[in-house]
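This report concerns only the one structure given below.
What you see is a predicted model; the values in this text were computed from it and never measured.
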Amino acid sequence: MRDYLSSVVLVAGVLGLCSCAHPANTAALEKQLAVYDIEIKNGEAIKIISDLNRLNYENPDNPEILLRLADLNASLGRNNAAVQLYKKCLAQSPDLRDAWRGLVKIYLKSEPGQALSLLEKMKTLYPGDAEILNDYGVALDLNGRYIEAQNVYATAINLDPTLISAEVNLGLSMALSGQKEKGLALIRPYAQAADATPRTRENYAVALIANGRTDEARAVLSDYMPPAAVPGMLQKLTDFLKVHNSG
């Protein structure tokens, strides 16, 4: 990781010497990217990827374009492409926090050991960043280090009491480490809120399963998923619990 950070800083420094973007062109590009951001929020990811690829061809190695391409590919499950785009983005802009976080989120799903290693560095690069600490807690949980994870979540919550995801993750971590009822009680109000995210509801379902309340977990999933998808998700969450439950 140290070697990678050094290399991206070196590359970025060399490229910075030859940067000669015209201010007018930069302003036009920023305006176009702002339009794309609106369209992305409106669910037009496939169309925007095509447009961004064209824009990337016209403006090679622009980190803002690369970041959006990486995020869109990640959202569509094209993780290999997203990883390469995040790395290209970081080669141009080594301090781009959103690119680091995007890369970490992919590794959390597929390579939790790599994610943990990356986050060990990130928490020193971005001290006092509650969201990065929250990601770090997730990586600790996925690597079976539950008590450490819970301490990290508590720190993140102290830094940002509005960070609901850290509260939910703390509850899940408790459920995984044997504090099943406490974990369930912590997640419940967030999972039952009208604006609860699918991830929050899934974490709540895991806590319910840990407490032997599988029928309730099925009902939670049924509230937002097509009926045909519920059995598969229920099995996925049950398998996750079997792998990570230490209690």
Side-chain angles (χ1 to χ4, degrees), residues 1-111 114-136 138-139 160 163 165 199:
M1 177 61 192
R2 185 179 293 108
D3 291 341
Y4 179 69
L5 281 171
S6 299
S7 65
V8 294
V9 170
L10 178 60
V11 171
V14 172
L15 289 171
L17 293 175
C18 61
S19 176
C20 53
H22 192 280
N25 291 340
T26 300
L29 178 59
E30 290 176 352
K31 183 177 181 180
Q32 183 62 68
L33 289 175
V35 172
Y36 287 158
D37 287 342
I38 294 171
E39 293 178 336
I40 290 169
K41 289 181 180 179
N42 291 335
E44 300 182 40
I46 298 296
K47 172 183 178 296
I48 300 307
I49 278 187
S50 176
D51 291 344
L52 282 172
N53 278 324
R54 173 187 54 77
L55 205 59
N56 185 46
Y57 178 79
E58 296 169 354
N59 304 267
D61 298 325
N62 181 290
E64 293 298 331
I65 297 172
L66 290 169
L67 177 60
R68 286 165 174 79
L69 275 171
D71 287 344
L72 285 174
N73 276 279
S75 72
L76 294 169
R78 302 171 182 175
N79 289 341
N80 290 336
V83 165
Q84 295 308 311
L85 286 162
Y86 282 129
K87 288 181 176 180
K88 285 187 67 176
C89 181
L90 289 165
Q92 307 305 317
S93 186
D95 61 347
L96 195 54
R97 171 185 175 276
D98 288 345
W100 286 116
R101 288 199 72 207
L103 189 59
V104 158
K105 288 184 181 300
I106 292 176
Y107 285 149
L108 284 172
K109 297 175 183 178
S110 58
E111 301 178 50
Q114 177 70 12
L116 183 60
S117 177
L118 198 58
L119 282 157
E120 290 281 0
K121 288 290 184 181
M122 287 176 64
K123 70 186 181 73
T124 61
L125 288 171
Y126 305 95
D129 190 311
E131 290 184 328
I132 287 175
L133 284 175
N134 186 36
D135 291 342
Y136 181 46
V138 173
D160 183 0
L163 191 60
S165 57
R199 177 62 59 83

task: Would you please test Asn79 and Ser110 for side chain to side chain contact (heavy atoms under 4.5 Å, CB included) and show each step?
output: CA-CA 10 Å; Asn79 289 341; Ser110 58; 5.9 Å; no
message: Strictly distance-based, threshold 3.5 Å: is any side-chain N or O of Asn53 a donor or acceptor partner for the main-chain N or O of Ile49?
response: yes
Over all heavy atoms of both residues, which pair between [X] and [Y] is shortest? Give the atoms and the distance, please.
| X | Y | value |
| --- | --- | --- |
| Ala74 | Ile106 | CB-CD1, 4.2 Å |
| Ala139 | Ala115 | CB-C, 4.4 Å |
| Trp100 | Leu118 | CZ3-CD1, 3.7 Å |

Look up atom [atom1] in [X] and atom [atom2] in [Y], then write down how far apart they are to the nearest 0.5 Å.
| X | Y | atom1 | atom2 | result |
| --- | --- | --- | --- | --- |
| Leu85 | Arg78 | CG | CZ | 11.0 Å |
| Lys121 | Ile132 | NZ | CD1 | 14.5 Å |
| Arg97 | Asp129 | CZ | CG | 4.0 Å |

Residues which pass side-chain hydrogen bond (donor to acceptor under 3.5 Å, both in side chains) with [X], listed by chain and number, not counting sequence neighbours:
| X | result |
| --- | --- |
| Asn59 | none |
| Glu58 | Arg54 |
| Asp160 | Thr162 |

task: For Arg199, enumerate each residue passing the side chain to side chain contact (heavy atoms under 4.5 Å, CB included) test, keeping only those at least two apart in sequence or located in another chain.
output: Thr197, Glu202, Asn203
- request: Under the side chain to side chain contact (heavy atoms under 4.5 Å, CB included) rule, collect the residues that match up with Glu120, sequence neighbours excluded.
  value: Leu116, Lys123, Tyr136, Arg145
Donor-acceptor list for residues 62-73 side chains, cut-off 3.5 Å, not counting sequence neighbours:
from: Asn62; atom 1: OD1; to: Glu64; atom 2: N; distance (Å): 2.9
from: Asn62; atom 1: OD1; to: Ile65; atom 2: N; distance (Å): 3.2
from: Glu64; atom 1: OE1; to: Arg68; atom 2: NH1; distance (Å): 3.0
from: Arg68; atom 1: NE; to: Asp37; atom 2: OD1; distance (Å): 2.8
from: Arg68; atom 1: NH1; to: Glu64; atom 2: O; distance (Å): 3.0
from: Arg68; atom 1: NH2; to: Asp37; atom 2: OD2; distance (Å): 3.0
from: Asp71; atom 1: OD1; to: Tyr86; atom 2: OH; distance (Å): 2.5
from: Asn73; atom 1: ND2; to: Leu69; atom 2: O; distance (Å): 2.8

